[in-house]
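Have a look at the structure below, then the notes.
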Amino acid sequence: MAVIWTISLILSYLQLFAQRHFLRKSKFYDRSASSNPAIASIQKPICIITGATSGLGAAVSYALAKEGYYIVLAGRSLHSLSKIVSEIQEQIDDACVKAFQVDLSSYKSILSFKHSLQQWLLDSDLHCSVQLLINNAGMLATSYRITAEQCDRMMSTNYIGPFCLTKMLLPLLEQSPIPSRVVNVASFTHWNVSSMEVTGETISGQYFSKLSSYPFAQVYEYSKLCVLLFTYELHRQVGLVEKSHSVSVIAADPGVVKTNIMREIPSYLSWLAFYVLKLLGLLQSPEVGIGSIVDAVHAPPKTSGVYFFGGNGRTLRSSRLSYNSKLAKDLWNASSQIFLERQLGSQDTT
């Protein structure tokens with residue numbers, strides 16, 4: 001499985017790379033400080049970044065702290081969070097950083113984070129709103145692991161958690177005095193999913209526990225396709241509601257970045273994948289890889305429902321399946337049902 005997925009990873013990236021360079025289907029957006037109204041309108045716009053303790057999350061936290069955002073780090077490890085906070089404050093004199101411990105595979109942890117965030121905003125005399133949410137957290141697990149809510153941990157971390165978090169924070173995004181934005185970090189591996197069935201069992205990952213072996217590659221790819229379907233459906237949902245201030249939703253695909261996400265893959269296979277991609281000139285460091293995420297942050301306020309890929313303001317078309325509106329609607333409804341069940345289970349009435 002690991003060998004096949006390594007080859008598949010390289011081929012799927014080359015397919016998207018070919019679209020980027022040879023098929024001329026790219027559209028470009030200029031990235032400039034003037035295209036981002038947040039800095040000019042609010043002294044310290046609030047930016048929440050999940051999975052902020054390493055890799056892309058840490059790199060984008062540093063980059064946006066330099067631009068004047070009040071960075072809210074969300075991660076599982078208190079030790080790692082404290083380390084990142086210290087590093088940012090040491091390197092940027094006027095950096096404003098706050099850290100919260102949250103496990104995206106747990107609804108109760110996400111709910112606790114939301115309450116803590118709201119209380120912090122009130123106690124800090126900040127406007128009770130959020131300007132930017134970057135759903136960056138993700139994992140690649142090679143074995144089935146069940147959460148306290150009886151779900152697969154990888155599906156919960158990569159998709160259900162970001163869905164629940166976004167649903168909970170949507171009122172704070174809508175309360176922003178300036179246009180706010182959700183940026184969902186996607187993956188080119190979603191191209192490997194040729195068909196998809198939306199059920200409560202597949203979304204929760206419970207279905208995969210019934211198989212003789214855990215198809216970790218397919219689960220990861222499935223979760224990332226869910227992220228894209230969710231992005232485009234949320235874009236449609238918020239677009240249907242007229243408000244004085246808008247919420248935009250964008251997908252950002254960094255491409256291949258050398259992080260520790262493949263730490264559970266046999267080291268010789270991850271090394272081989274990175275080595276081949278490096279020879280092809282496609283492997284990036286986190287500091288370079290955040291290009292598409294920062295592009296998404298700085299895209300004009302009315303930009304929404306697009307797929308940034310690879311930096312330099314470039315947008316592409318994601319896979320054909322990711323634009324299936326019926327599939328996206330079915331996924332939204334099934335995910336909302338899971339959200340409601342967990343909401344009722346936690347006796348939360350908000």
Side-chain angles (χ1 to χ4, degrees), residues 31-104 112-138 165 169 172-173 175-185 250 252 254 257 259-260 284-299 301 311:
R31 184 206 296 180
S32 65
S34 61
S35 69
N36 180 6
I39 300 299
S41 304
I42 293 183
Q43 186 175 8
K44 285 290 181 181
I46 304 295
C47 171
I48 300 172
I49 304 171
T50 67
T53 55
S54 65
L56 288 167
V60 78
S61 297
Y62 176 78
L64 295 183
K66 286 181 67 176
E67 294 185 10
Y69 280 89
Y70 203 129
I71 303 298
V72 175
L73 307 173
R76 286 186 297 179
S77 168
L78 278 175
H79 173 74
S80 298
L81 286 169
S82 298
K83 182 180 178 182
I84 294 297
V85 169
S86 298
E87 289 176 355
I88 292 176
Q89 290 176 335
E90 286 174 4
Q91 296 179 58
I92 306 171
D93 293 335
D94 59 345
C96 291
V97 191
K98 176 69 176 178
F100 291 91
Q101 185 178 31
V102 58
D103 180 357
L104 284 178
S112 177
F113 166 65
K114 185 200 77 168
H115 292 324
S116 298
L117 175 69
Q118 288 177 314
Q119 190 61 52
W120 170 70
L121 289 171
L122 291 171
D123 294 342
S124 304
D125 198 28
L126 295 167
H127 190 276
C128 197
S129 65
V130 171
Q131 283 66 58
L132 181 60
L133 169 62
I134 301 179
N135 286 313
N136 164 73
L165 177 64
L169 297 185
L172 292 177
L173 289 158
Q175 288 168 199
S176 173
I178 63 168
S180 57
R181 174 160 292 166
V182 177
V183 176
N184 290 329
V185 177
I250 294 177
V257 181
T259 68
N260 63 357
Q284 308 168 91
S285 67
E287 291 71 25
V288 174
I290 62 171
S292 62
I293 301 175
V294 179
D295 287 340
V297 170
H298 288 295

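When side chains are defined from C-beta on, P177 counts as touching S129, because their heavy atoms get closer than 4.5 Å. When side chains are defined from C-beta on, I71 does not count as touching K98, because their heavy atoms never get closer than 4.5 Å. Using a 4.5 Å heavy-atom cutoff, the side chains of I48 and L132 are not in contact. Residues V297 and I134 have side chains in contact (heavy-atom distance under 4.5 Å, counting atoms from C-beta outward). Proximity of V102 to S112: side-chain heavy atoms (C-beta onward) are nowhere separated by under 4.5 Å. Contact of the V72 side chain with the F100 side chain is registered, since non-hydrogen atoms from C-beta on lie closer than 4.5 Å.
Looking at residues two or more places apart in sequence or on another chain, you find no side-chain hydrogen bond (donor to acceptor under 3.5 Å, both in side chains) involving S116. Y70 pairs by the ring-ring contact (aromatic ring centres under 6.0 Å, His included) definition with W120, not counting sequence neighbours. Under the side chain to side chain contact (heavy atoms under 4.5 Å, CB included) criterion, A52 pairs with I49, S61, L73, not counting sequence neighbours. D123 is linked by a side-chain hydrogen bond (donor to acceptor under 3.5 Å, both in side chains) to Q119, counting only residues two or more places apart in sequence or in another chain. For N135, the side-chain hydrogen bond (donor to acceptor under 3.5 Å, both in side chains) partners are T166, N184, not counting sequence neighbours.
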Self-check item: Residue pair Q175, H127: steps toward the side-chain hydrogen bond (donor to acceptor under 3.5 Å, both in side chains) verdict
Solution: CA-CA 9 Å; Q175 288 168 199; H127 190 276; 6.0 Å; no
Quiz item: Does the side chain to side chain contact (heavy atoms under 4.5 Å, CB included) test come out yes or no for H298 and E67, once each step is laid out?
Solution: CA-CA 11 Å; H298 288 295; E67 294 185 10; 2.8 Å; yes
Exercise. Might you work through the side chain to side chain contact (heavy atoms under 4.5 Å, CB included) test for L133 and V183, ending with a clear yes or no?
Key: CA-CA 6 Å; L133 169 62; V183 176; over 6 Å; no
Practice problem: Determine, stepwise, if the pair S176 / Q131 fulfils side-chain hydrogen bond (donor to acceptor under 3.5 Å, both in side chains). | Solution: CA-CA 6 Å; S176 173; Q131 283 66 58; 3.0 Å; yes
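Across all non-hydrogen atoms, the minimal contact from Y69 to C47 is CD2-CB, 3.7 Å. Nearest heavy atoms, L56 versus G289: CD2-C, 3.8 Å. The nearest pair of heavy atoms linking R76 to D103 is CD-OD1, 3.6 Å. The nearest pair of heavy atoms linking P286 to A59 is O-CB, 3.8 Å. Here the shortest heavy-atom pairing between A58 and T53 reads CB-C, 4.2 Å.
Here the SG atom belonging to C128 is positioned 5.0 Å from the CG atom belonging to L122, to the nearest 0.5 angstrom. To the nearest 0.5 Å, atoms OG (S292) and CD1 (I250) are separated by 11.0 Å. A distance of 10.5 Å separates CG of L172 from CD1 of I46, quoted to the nearest 0.5 Å. Separating the OG1 atom in T50 from the CG atom in L104 is a distance of 5.5 Å, to the nearest 0.5 Å. In this structure, CG in L173 is found 11.5 Å from CZ in R181, a value given to the nearest 0.5 Å.
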Distance-only check: which donor-acceptor pairs under 3.5 Å involve side-chain atoms of residues 80-90, not counting sequence neighbours?
residue	atom	partner	partner atom	Å
S80	OG	S77	OG	3.2
S82	OG	L78	O	3.0
S86	OG	S82	O	3.0

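In terms of modelled atom types and a separation under 3.5 Å, the side chain of N136 and the main chain of V185 share no donor-acceptor contact.
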